[in-house]
Amino acid sequence: MLQHSIGENAGKVWRLLNEKGELTFAQIKKELEGKNEELYMAIGWLLRENAIYSHDEEKKTFFGCK
């Protein structure tokens, strides 16, 4: 059940980044109205699958689709 939920959230995050471009965690959370834990797991999943990238800029981490 948890793995299914993480996968669904990963899909939401990926679609958002694909549509909007690079976003910070705060921006992703605001757009998707998700819980921190759920979004952290989804982002981790996507990073592990090499579907998104991250980079730091001015003390913020940005995420984007590859």
Side-chain angles (χ1 to χ4, degrees):
M1 179 92 162
L2 180 61
Q3 188 174 6
H4 178 72
S5 175
I6 296 168
E8 283 183 5
N9 286 321
K12 291 176 186 177
V13 170
W14 188 89
R15 284 188 294 278
L16 176 68
L17 294 174
N18 190 48
E19 178 185 321
K20 303 247 178 176
E22 288 188 352
L23 298 172
T24 65
F25 181 80
Q27 292 169 319
I28 293 168
K29 182 178 177 181
K30 183 178 179 181
E31 288 282 334
L32 296 180
E33 299 177 352
K35 295 179 182 176
N36 283 355
E37 297 83 10
E38 294 172 348
L39 294 176
Y40 284 132
M41 287 188 274
I43 289 170
W45 178 312
L46 291 167
L47 287 168
R48 179 71 174 104
E49 292 294 317
N50 206 28
I52 65 172
Y53 63 89
S54 67
H55 72 90
D56 295 326
E57 186 177 309
E58 298 181 16
K59 299 183 181 181
K60 291 184 181 180
T61 302
F62 289 83
F63 300 94
C65 282
K66 286 194 168 187

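Quick note: residue numbers are just sequence positions, from 1.
In terms of heavy atoms, Leu16 sits closest to Glu31 at CD2-CB, 3.7 Å. Nearest heavy-atom pair, Leu46 versus Trp14, reported as atom, atom and distance to 0.1 Å: CD1-N, 4.0 Å. Taking each heavy atom of Asn18 and Cys65 in turn, the nearest pair found is N-SG, 3.4 Å. Minimum heavy-atom separation, Glu22 to Tyr53: OE2-OH, 2.6 Å. Summarising the geometry of Ala10 relative to Ala42, their closest heavy-atom pair is N-CB, 3.5 Å, with the distance given to 0.1 Å.
Cluster membership check: Leu17 shares its hydrophobic cluster with Leu32, using side-chain heavy-atom separations under 4.5 Å among Ile, Leu, Val, Met, Phe, Trp and Tyr. A continuous path of Ile, Leu, Val, Met, Phe, Trp and Tyr side chains, each step under 4.5 Å between heavy atoms, connects Leu23 with Leu39, placing both in one hydrophobic cluster. In terms of hydrophobic clustering, with Ile, Leu, Val, Met, Phe, Trp and Tyr side chains grouped at heavy-atom distances under 4.5 Å, Leu47 and Phe62 are assigned to different clusters. Cluster membership for Val13 and Ile6, using ILVMFWY side-chain heavy atoms within less than 4.5 angstrom, is not shared.
Within the 4.5 Å cutoff, the side chain of Met41 has no heavy atoms near those of the Asn9 side chain.
Every pair tested for side chain to side chain donor-acceptor pair (under 3.5 Å) that includes a residue from residues 37-47 fails, sequence neighbours excluded, so the list is empty.
Take Thr61 and apply the side chain to side chain contact (heavy atoms under 4.5 Å, CB included) test, not counting sequence neighbours, and it matches Ser54, Asp56, Phe63.
Atom CD of Glu33 sits about 10.5 Å away from atom NZ of Lys12, to the nearest 0.5 Å.
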